[in-house]
Each structure stands twice: as structure tokens, then as C-alpha cells.
Asks: 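First the structure, which I've put down as C-alpha cells, then a few questions once you've had a look.
All chains are named by letter (A, B, ...) in the order of the sequence lines, taking the proteins before the strands, and each is independently numbered beginning at 1. Computed from heavy atoms alone, side chains included, the values below leave out hydrogens, waters and symmetry copies.
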Amino acid sequence: MQAIGKSPQEQPNNDSDHCSSGHEGSFLDDFSDVDSADDEVITKTVSDEDSKLAFLRRMGYKEADASIAITRCGTEATISELADFICAAQIAKAEDAFFAEDEKKPKHLDKQKKRSFLESEVLEKKRQKGLENGDDEGVRLPNPMVGFGVPTEPGIVTRRTLSEAAIGPPFFYYENVALAPKGVWQTISRFLYDVEPEFVDSKHFCAAARKRGYVHNLPIHNRFPLLPLPPNTIHEALPLTRKWWPAWDERTKLNCLQTCIASAKLTEKIRKALEAYEGEPPLHVQKFIMDECRKWNLVWVGRNKVAPLEADEVEMLLGFPRNHTRGGGISRTDRYKSLGNSFQVDTVAYHLSSLKDLFPGGINVLSLFSGIGGAEVALHRLGIRLKNVVSVEISNVNRSIMSCWWEQTNQTGNLIHIEDVQHLTADRLEQLMNMYGSFDLVVGGSPCNNLAGSNRHHRDGLEGKESSLFFDYCRILDVVKNLTSRYS
DNA sequence: ATAATAATGAAACTCGCG
DNA sequence: CGCGAGTTTCATTATTAT
């Protein structure tokens, strides 16, 4: 409860108004010497500034505090930097109050002191940001990316100490892309009780890569994989491609399965390029083709013929049952999209497997950003009974996919749909918990739209339009945690 | 209207070398 | 250690087809 406890909602209470009114002038005065004062930059970032302001407001900060932070840190500052600044300002405020009562300093000296304190805070942040390949505090990706262990290498780490605030109930499991912009995982970790993320590449579970970070408070000893083990190489997963696979294509694993597939134009271009030669093409042609094959996950389906994966194949590689996303009115395009946004079931199941012994009678699940139900499928395949599942998912085709699966697997529990996480208020949560009992697991991966490397247009980090829903995950988890501790 | 198609780089990582 | 080359990435938007 550290991170959240320190956070917005409860924080500004103590000393918010003398923060805003009293010293506003001095903050504004200081602005002149902050960084660049380019006219262009300022006009260009006005809307950006507005959105950040709105965002900080949504996080629960007072408008005045948020406004000061933006003015002081500059419009280039990230949300997390701004949040840090507000915290620092409040600490400084408290210290000021302390000193003011303790010793009787002249007022201007007080100001001076605070200014330098805040200055150093800002400089510290800038310094951390400036350090490219970070050092001490930076979250580093493990190499190989196997987290606390994978089935082939179990028990890399068997013990870890969680902060008091992180320990359940409920258990929680949060997921997002590992290769997010810098600073994102620090923020995610800080908001989730400072739990160290477990970074895992699903290529250690199946035939396709999927680099993801998982923040959870689950036990990490005695995990076990789903059986049967899924195909581990491209050849095992797609045996028909072997016949056409050229020796100079040395791939054994596919790259990350995404939401879009290659164009027909590209596969035709590759075919034409190959048909110009008998036998092996020259190296520069091989290079071109391999680059495209890796970029678009193309596989060999005939002589000189490559093709993108079929949706069925993506489904299988991600560990979903056959036809899980097929039919029911979903378009082919949307099917790729839903699959591309989903969990790799075997990976997630391995992490969740430690729950099986703990809940022999089944569990209640709060599933946020459920998508096509990767978490539910994983739990089901682990043989963990789903008693009550409250599933929050904005897309109606995804909700319908989940409903169909629920029916087809003859679930004995209840499935409750909610459309929007933003409508899942504390009152509604209390109501649900009174009706169905407390939640044993809060699971979900919030939108990666604004974090993912493939996004050319709006890769603007956690404060992005969709990715900021991460903070709703935090909010909801916090409410569930508080309600749970109250009733047990 | 809805669905399919195609065009659109950059940030941040890894690795090897001097 | 720093540097540069090489590699990977849960996508958005505009346009065309159905």
C-alpha cells in the first residue's frame, strides 16, 4: 500500500492550500530560468500541457499543484516526473513548516532553501532521465528473459521478499509489454507496491517470442507448466512449412505475434525476387527476404512462397483452443487484433499455477481488460475452478468470444460482464463483493497502445490515451485490497 | 456502413569490437 | 567503457473494396 497510499487521493489533504496560494508567485518567478524558452516549443505543447493537467487531475491531484508542477518541470516532463515533483513539493512544504516553527528564520531564507531543494529534485530527475543506459535504480531486462524461472530452467529464483503492502489477499497479476519507453516500468512497479516485475519472453514456452513484464504477488516456487507442452519450434508448430523452408532461413522461433499481418504485395514481391534465380538467391536477396520475414513473421507455404500466419495458427501459438476466436460475427481483421492483444496462455498459466494448491475449491476472479479471456483459459486449463468471474472488457466482440467459451466449457460458476473499467467504481465493487464474496485474484493487462514499439503515431507512454488505464487497474486493485482486509 | 488493404519509422534493446 | 551496427516491436491511419 505504499505507492498507492502515498498517492493522489489521500495526499493533498494535509497541506494543499498553502501550497498553492502562498508560494505560487515564487514558483512562477522561477520559471524564467527553466530550460528552453522556445516559442515554438511552448505553443506546440499547449495541448500536451492540457492533457497532462487533465491526467494529473484524474490521478487525484489538486489542479493548482498539478499546474505548478507542469510550470516548474516544463511541458516535456513525464507524468511520473510531475507526480514525483508534487510529492517533493509536499515534503519540502512539510519541512518548511517544521523549520518555520522550530527556528525563526527570515522568510526569504525559507524560500531559498525550498527552492534549492526543489531545484535539486528536478535536476536529479533530469539526471536520471539523461542517463541512457541506466544504473542503480533502472529496471533492467534480464538476459535471457526468463523471469524467476521457466519450465526448462525452473527455480532461477525461488524466494523473494515482497513489501508488506504487496502481500495479498488478493493475489494480483498485471501484464504489459516489456519493451516500453524508459521509465514506464519504474512507474508501474512503484504504483504496484514496488513489486519487481518478472520479465519473460514466451519463446521459452512456445514457438513465438512475446516479451512481457508481469507484476504479481504470486508464490514463485513449485510452479508447473500446462500439459501437453506446446510445440516449441516453428517446425513443430507448423510441420507443413518444413517442406518449403530454405536452409538459409535459420529461424526456429517466430517473432512477436502482433495485430497486423503482411500485405499480399509484399509476399508477391518476395516471390518475384526468388523466381529470378535457380536455387539459392544471392546474399543481398536473402538478406532482404529475411528482414521482411522476421518483420512480418512470414512462413514458407510453397516453392518461393511465403505467407503471413493464419488466425488459426496464431490462436494455436498463443495457447488458445482451436476456433476460440472464430465465428460469432468477428471479422478476420478484428480476429488478428484480438489475438495480437492477448496473453500467451502457457506463459500466464505457468505463473498462475501456484494458485492451484491454494484454492482447491476454486477462486473468484476480477479480470480487468479481459480481452478474449487469456487468464480465464489459463486458469481453466490448470484445473482451477472458476467460481465467479467479473470480467471487464470494452470490446463487445471480445465479450462475446468470452461468453461462447464460457458456455462451451460447461463452466459451473458465474460470469459477470462489465464494459468499462472507468465505470467500475468503489461502490460497484463493494456491491459485487457483497454479492459474490471477495476476490481471490485480480488479473489483467492494461492497454499497451501507447507503449508498444510498433506504434508510429502515439507512443506517448503511460500517460497516453489508452495506456493510462493502467491507473484504473491500480485504483481498482487498491479498492479491492482495502475491502478485502476490512472483511477478513 | 463495415471490412480488407497497404503505407507509415523510431525507440530501445543486444552484441561485438577497439 | 563507449560506440556503432544489427535487431525487434500486444499499432495507427488513410485508402480502397465489399
Asks: Measure CG/A:D291 against C1'/C:dT7 and give the value in whole Å, please.
Replies: 9 Å

Asks: Can A:K481 be said to sit on top of A:Y193's aromatic six-ring, NZ or CZ under 6.0 Å from centre and within 45° of the ring axis?
Replies: yes

Asks: Could you tell me the separation between the CZ atom of A:R251 and the CD1 atom of A:I234, rounded to the nearest 0.5 Å?
Replies: 5.0 Å

Asks: Taking the inter-plane angle between the rings of A:Y173 and A:H351 on a 0 to 90° scale, is it parallel (under 30°), tilted (30 to 60°) or perpendicular (over 60°)?
Replies: tilted

Asks: Check the distance between C:dC10's C1' and A:L339's CG and give it to me in whole angstrom.
Replies: 11 Å

Asks: Just checking A:Y350 against A:F224, ring centres under 6.0 Å apart?
Replies: no

Asks: From NZ of A:K337 over to C1' of C:dT13, roughly how many Å is that when rounded to an integer?
Replies: 12 Å

Asks: Would you kindly give the CG-to-C1' distance between A:N143 and B:dC13, to the nearest whole Å?
Replies: 10 Å

Asks: For A:L141, answer base if it contacts any base atom (sugar-phosphate contacts may also be present), sugar-phosphate if it contacts only those atoms, and nothing otherwise; contact means non-hydrogen atoms under 4.0 Å.
Replies: sugar-phosphate

Asks: Treat primed atoms plus P, OP1 and OP2 as sugar-phosphate and everything else as base, then score nucleotides 1-11 of chain B 5' to 3': B for base contact with protein heavy atoms under 4.0 Å, S for sugar-phosphate contact only, - for none.
Replies: --SB-S-BBBS

Asks: Quickly work out the A:R335 CZ to C:dC10 C1' distance and round it to whole Å.
Replies: 17 Å

Asks: For B:dG9 and C:dG6, measure between their C1' atoms and round to the nearest Å.
Replies: 16 Å

Asks: Strictly under 6.0 Å, is that where the ring centroids of A:F439 and A:F171 end up?
Replies: no

Asks: How is A:R294 classified with respect to the nucleic acid when contacts are heavy atoms under 4.0 Å: base, sugar-phosphate, or nothing?
Replies: sugar-phosphate

Asks: Quick one: A:D201 CG to C:dC10 C1', roughly how many Å, whole number?
Replies: 13 Å

Asks: Would you indicate what A:K211 reaches in the nucleic acid, counting non-hydrogen atoms under 4.0 angstrom: base, sugar-phosphate, or nothing?
Replies: sugar-phosphate

Asks: Is any side-chain N of the basic residue among A:E310 and A:R332 closer than 4.0 Å to the acidic one's carboxylate O?
Replies: yes

Asks: Students often get this wrong, so: under 4.0 angstrom with heavy atoms, is A:S446 touching a base, only sugar-phosphate, or nothing?
Replies: base

Asks: Whether A:Q258 contacts C:dT9 is assessed here as follows: a side-chain N or O lying under 4.0 Å from the phosphate OP1 or OP2. Is that the case?
Replies: no

Asks: Could you state the atom-to-atom distance from CG of A:N450 to C1' of C:dC10 in whole Å?
Replies: 12 Å

Asks: Could you summarise the pairing of DNA chain B as dot-bracket text, marking Watson-Crick and G-U pairs under 3.5 Å with ( ) or [ ] inside the strand and | across strands?
Replies: ||||||||.|||||||||

Asks: So, is A:N255 close to the C:dT9 phosphate, meaning a side-chain N or O under 4.0 Å from OP1 or OP2?
Replies: yes

Asks: Please determine whether the number of non-hydrogen atoms from other residues, nucleotides or ligands lying under 6.0 Å from atom CZ of A:R242 exceeds 12.
Replies: no

Asks: With a non-hydrogen cut-off below 4.0 angstrom, is A:K287 in contact with a base, only sugar-phosphate, or nothing?
Replies: sugar-phosphate

Asks: When the distance from CE of A:M145 to C1' of B:dA12 is rounded to whole Å, what number comes out?
Replies: 11 Å

Asks: Is it true that, when you exclude A:K305 itself, more than 12 heavy atoms of the residues, nucleotides or ligands shown sit nearer than 6.0 Å to its NZ?
Replies: no

Asks: How long is the span from the CE atom in A:M316 to the NE2 atom in A:H324, to the nearest 0.5 Å?
Replies: 15.5 Å

Asks: First locate atom CG of A:N414, then atom CG of A:L386, and finally report the distance between them rounded to the nearest 0.5 Å.
Replies: 11.0 Å

